[in-house]
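A quick write-up on the structure given underneath.
Excluded from the calculations below are hydrogen atoms, water molecules and symmetry mates; all remaining heavy atoms, backbone and side chain alike, are included. Here the structure is a predicted model, which means the values were calculated and not measured.
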Protein chains: 2
Amino acid sequence: MPENVFDLSALKVSCQRCSLRHLCLPNELTNGDVEKLDDLMERHSPLQRGEFLFRQGDRYRSLYVVRSGSFKTHHLHKDGTESILGFHLPGEIIGLTGLGNGEYHTSAIALERATICELPLHRLHYLAQLLPSLNEQLYKIMSNRITEDQEMLMILREHTAQERLASFVMSLAQRFKHRGFSSDNIVLSMTRQDIANFLGLTLETVSRTLAKLEKKGILGIERRNIHILDNDRLHKLSRASHDDPSGTDGDRKGA
Amino acid sequence: MPENVFDLSALKVSCQRCSLRHLCLPNELTNGDVEKLDDLMERHSPLQRGEFLFRQGDRYRSLYVVRSGSFKTHHLHKDGTESILGFHLPGEIIGLTGLGNGEYHTSAIALERATICELPLHRLHYLAQLLPSLNEQLYKIMSNRITEDQEMLMILREHTAQERLASFVMSLAQRFKHRGFSSDNIVLSMTRQDIANFLGLTLETVSRTLAKLEKKGILGIERRNIHILDNDRLHKLSRASHDDPSGTDGDRKGA
DNA sequence: CGCCGAATTGAGTCTATTCAAATGTGGTGG
DNA sequence: CCACCACATTTGAATAGACTCAATTCGGCG
């Protein structure tokens, strides 16, 4: 790649000049505080696709922020099956779980070539004194994370396959948009199986449902590339049953 | 009940003498620190069944700890339906969501007569400086909460009605046990509808499934009272499909 | 005693699953 | 260049678990 504007790993990185600054830990911090934070953070060489950032059961080391690329976190059950707990885009935090008992209870895996910033645990300990505003920021981040997980709970409990997929696509689109990327042309870095696992469906159902959304003219799908053709109808599908009783699509759930 | 040993609201309460001390915020704090915390906390007169502790959309006020009784938190959708996000027993924290955007995104309702302790937000702000160990404790609590929500996600995605119910009952039993109550005789303070909503099922399915567990001799059920008759089989049912491939019960999911 | 909500029980339906096979894609090596 | 393999994805048919609709029972309370 001759000119990759977003390949942050090639630059001498700093929070201050990072394009993700407003999405990430430094959000809402003063310039002086960002400078202090900068000294606490560590950077590393990129991870390749499939590489582990940490493994379930590892002693808790650090809080991580995705700088480029994407990750998935998953929990491994004793019988070998896995549960995907989330996908993580640039600017998002990995490693909020595990502070409680001192070890990660999930594994984090790069879905593509990716870079991260690291905030080691031992620095977290005196961070509250050094950077009170970052301490508050961390409270907010964790609180938001709880809220997000709870929203996911609601989606899983009350939504059909179609609604889950619609929510999933919209969520990704919004997160892309928030990062300055196109919001109606998203690239999936995960497999259908990963999506199915995350949404509590089978990969067949994901495939079928995406095909159905394509046939309706709501999405354009070519392998990992998804074009959002009709945002309004997608939005209606994603939460129609709860927040918007109207609907223009033909087939609906139930009698 | 003429002599209710656990009716803490009748005592002049303090964290130091509170029987919940080791379950609650003061956990792992030194005596001196608990004394400081004591000064930050506020107590109130009891709430009656059905009373709101706070409502969705209220400006964020405080972190709450259940002292006695129980609560449910739920999110109200625009169409009037509700999603129950959790049940809260003595020693458990309410109000971790909402720190992020400054307002509660759920409502908290007493399921029975209940008392709470309150830690106002404006005190949280300087708490990090005053009580560094409590600050760390709060990180742990929030981290654990994220972990719990994620475990709930896994249950909802991969478990049948029977497995969900088994997990739910076991979770309650463990939490009761942890509080010094009987672990094989639990009293439900919530309705079947609440349980169904929480587990992503219908109340009919909850009723039927509980009946099935009773017929198997695993549970004894009389209205809101549940006796755990066969803990081993209950445990197997709750997560047999993932963490324990063996099973002694007759009917299983799938082919 | 009768009302009302909570809970149980029954019958039929539907969504998503399971099992199965085919298609497509990318990479490897002859 | 193309055969071949591994893997992801699509598509089809049948099954099953949970849902919806509906009626009944139970229990508390005025």
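Dashed line: the shortest gap from a side-chain N or O of A:Thr205 to OP1 or OP2 of C:dT17 is under 4.0 Å. Contact annotation: B:Arg223 does not reach the phosphate of C:dA7 (side-chain N/O to OP1 or OP2, under 4.0 Å). Checking the phosphate oxygens (OP1, OP2) of C:dT17, a side-chain nitrogen or oxygen of A:Thr202 falls inside 4.0 Å. Of the side-chain N and O atoms in B:Arg224, none sit less than 4.0 angstrom from OP1 or OP2 of D:dG27.
With hydrogens and angles ignored, no donor-acceptor pair closer than 3.5 Å exists between the side chain of B:Glu222 and the base of D:dC26. Side-chain atoms of B:Arg208 and base atoms of C:dG10 include a donor and an acceptor less than 3.5 Å apart.
With rounding to the nearest 0.5 Å, the separation of CD in A:Gln193 from CD in A:Glu82 is 8.0 Å.
In this structure, B:Leu210 places its CG atom 13 Å from P of D:dA18, rounding to the nearest Å. Going from atom CD of A:Gln193 over to atom P of C:dT17 covers 11 Å, rounded to whole Å. The CG atom of B:Leu237 sits 14 Å away from the P atom of D:dG17 (whole-angstrom rounding). Atom CE of A:Met190 and atom P of D:dT9 are 11 Å apart (whole Å). Rounded to an integer number of Å, the gap from CG of B:Leu188 to C1' of C:dT8 is 16 Å. The separation between A:Lys215 atom NZ and D:dT11 atom C1' is 10 Å, rounded to whole Å. Across the protein-nucleic acid pair, A:Glu158 atom CD and D:dT20 atom P stand 11 Å apart, rounded to whole Å. One atom, CG of B:Leu203, and another, C1' of C:dT9, lie 12 Å apart when rounded to the nearest Å.
For B:Glu204, taking side-chain heavy atoms from C-beta onward, the closest of the listed nucleotides D:dA18, C:dA7, D:dC21 is D:dC21.
Taking the six-membered ring where the residue is Trp, the centroids of B:Phe87 and B:Phe71 are separated by 6.0 Å or more.
Remark: the backbone N or O of B:Leu201 is not paired with any side-chain donor or acceptor of B:Thr205 at under 3.5 angstrom.
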**Prompt:** Please walk me through it: do B:His105 and B:Thr97 pass side chain to side chain donor-acceptor pair (under 3.5 Å)?
**Reply:** CA-CA 7 Å; B:His105 89 294; B:Thr97 63; 3.2 Å; yes
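Judged by a 6.0 Å distance limit and a 45° cone about the ring axis, A:Arg55 is positioned over the six-membered ring of A:Phe52.
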